[in-house]
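Everything on this sheet refers to the single structure shown next.
Residue numbering restarts at 1 for every chain, and letters A, B, ... go by the order of the sequence lines.
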Number of protein chains: 2
Amino acid sequence: MSSAEILSGHNIRPSLMRVMIYDFLKENRTHPTVDDIYTALHPAVPTLSKTTVYNTVRLFCKAGLTKMVTIEEQQARFDGCTELHGHFICSECGKVFDFDTDMPKVAGLEDFEIATHDVYCSGVCKNCLN
Amino acid sequence: MSSAEILSGHNIRPSLMRVMIYDFLKENRTHPTVDDIYTALHPAVPTLSKTTVYNTVRLFCKAGLTKMVTIEEQQARFDGCTELHGHFICSECGKVFDFDTDMPKVAGLEDFEIATHDVYCSGVCKNCLN
DNA sequence: TAATAAATTTGTAATCATTACAAAAGTGAA
DNA sequence: TTCACTTTTGTAATGATTACAAATTTATTA
């Protein structure tokens, strides 16, 4: 299924900018920040505005198409994959890695309506340990 | 064990401000922000500076005495309890609740040095569901 | 105790991510 | 084409956090 079709399927009109940003998130599984996205796409689309990137990722997240990753930082990161998986941030290099996990146990929140589950870890990654 | 002793045990000199801030975190399990802490203590200590609160919570977190809770917000929250537990944020009222959980499964990070585990959930709390 | 050194606290100014907002540009229908 | 509507853009505002140096407090030494 094309990105345009995926966007349409979530009631988001597949404009050029939106498709580009969605493609970027799909192809770059590095959990980019808004600035990362802007910097990567700006050369190809000089008229791109950072506000548009902010608006677009917010739109995507509201539609459940992408996920926001807030992990010990003041800069939000975005993830094109919404399947359940954990995020590990390396305190040395700052890179964010995915890992496999399972649905965490949640006890004591009876009568709460739980919409999202997130598992975060931090430490030092393999590369930085050398 | 007194707060002063706990601070000393972590190689933090137990100054008046530090003990007050630590006590506040121990007694108020509401995951307060820096501003919450400042606003609560300021009447009693009019000379308190917000910078001091920032410095102090950073010092505590570095020493492992408190934990930072970054959950879909641009404002960091602080938790005086470092035992393993999950955090739930209500998308309606913004309150953060603790819940029981267990150590999440982490697969695929062999050779990584994992220092922290965090489980976050979001949704609508019991009160807001009415 | 007085003098000195070290650590803590404070206030101001700077930084930086994010949002508000209104104008401009683009898109599609009649 | 014209009109209504949506998207995109740029600028300015907001607000959390940090940098930094001065002021204050605390501990140490003589």
Expected string for nucleotides 23-30 of chain C under the B/S/- scheme (protein heavy atoms, under 4.0 Å, primed atoms plus P, OP1, OP2 as sugar-phosphate) is --------

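Using bins of under 30°, 30° to 60° and over 60° for the plane-to-plane angle, the ring pair A/Tyr22/A/Phe60 lands in the perpendicular bin. Relative orientation of the A/Phe97 and B/Phe112 rings is perpendicular, given thresholds of 30° and 60° on the angle between their planes. Between B/His87 and B/His85, the ring-plane angle classifies as perpendicular under the 30° and 60° cut-offs.
Where the helix from C/dT1-D/dA30 to C/dA30-D/dT1 starts and where it ends, the local axes point in directions that differ by 10°; five pairs per end, rounded to 10°.
Every residue two or more places apart in sequence or in another chain that forms a salt bridge (charged side-chain N to carboxylate O under 4.0 Å, His left out) with A/Lys50 is listed here: A/Asp35.
One interatomic measurement links the two molecules: OH of B/Tyr38 to C1' of C/dT10, which rounds to 10 Å at whole-angstrom precision. One can place CD1 of A/Ile37 at 14 Å from C1' of C/dT18, the figure rounded to the nearest angstrom. At whole-Å resolution of the value, CD in B/Glu73 and C1' in C/dT19 are 16 Å apart. The nearest whole Å value for the distance from the CD atom in B/Gln75 to the P atom in C/dA17 is 17 Å.
At least one donor-acceptor pair under 3.5 Å links the side chain of B/Glu5 to the backbone N or O of B/Ser2. In this structure, A/Tyr120 contributes its side chain and A/Glu72 its backbone to no donor-acceptor pair below 3.5 Å. Between the side chain of B/Ser8 and the main chain of B/Ala4, a donor-acceptor pair closer than 3.5 Å is present. When atom types are taken as modelled, the side chain of B/Asp36 and the backbone of B/Thr33 share a donor-acceptor pair closer than 3.5 angstrom. B/Ser91 contributes no side-chain N or O that, together with a main-chain N or O of B/Val124, makes up a donor-acceptor pair within less than 3.5 Å. A donor-acceptor pair is defined here as one N or O able to donate and one able to accept, closer than 3.5 Å; no such pair exists between the side chain of B/Arg77 and the backbone of B/Val69.
Heavy-atom distances to DNA chain D give each of B/Asn55 and B/Ala76 a nearest nucleotide, and the one nearer the 5′ end belongs to B/Ala76. Annotation: of the two residues near DNA chain C, B/Leu16 and A/Gln74, the 5′-most nearest-nucleotide partner is B/Leu16.
No option in A/Thr56, A/Asp79, A/Ile37 other than A/Ile37 meets the side-chain contact (heavy atoms from CB on, under 4.5 Å) test with A/Leu25.
Residues of residues 44-51 of chain A that place a heavy atom closer than 4.0 Å to DNA chain C, in numerical order, are A/Thr51.
Pairs passing the salt bridge (Lys or Arg N to Asp or Glu O under 4.0 Å) check and including a residue from residues 81-102 of chain B, sequence neighbours excluded, read B/Arg29-B/Asp98.
Among the heavy atoms of the strands lying under 4.0 Å from A/Thr52 is at least one base atom, whether or not backbone atoms are also near.
In this structure, A/Tyr54 does not reach the C/dT19 phosphate: none of its side-chain N or O atoms is under 4.0 Å from OP1 or OP2.
On the nucleic acid side, DNA chain D has its first and last nucleotide under 4.0 Å of a heavy atom of chain A at D/dT6 to D/dT11, going 5' to 3'.
Using modelled atom types, one finds a donor on one side chain and an acceptor on the other under 3.5 Å when comparing B/Thr116 with A/Ser122.
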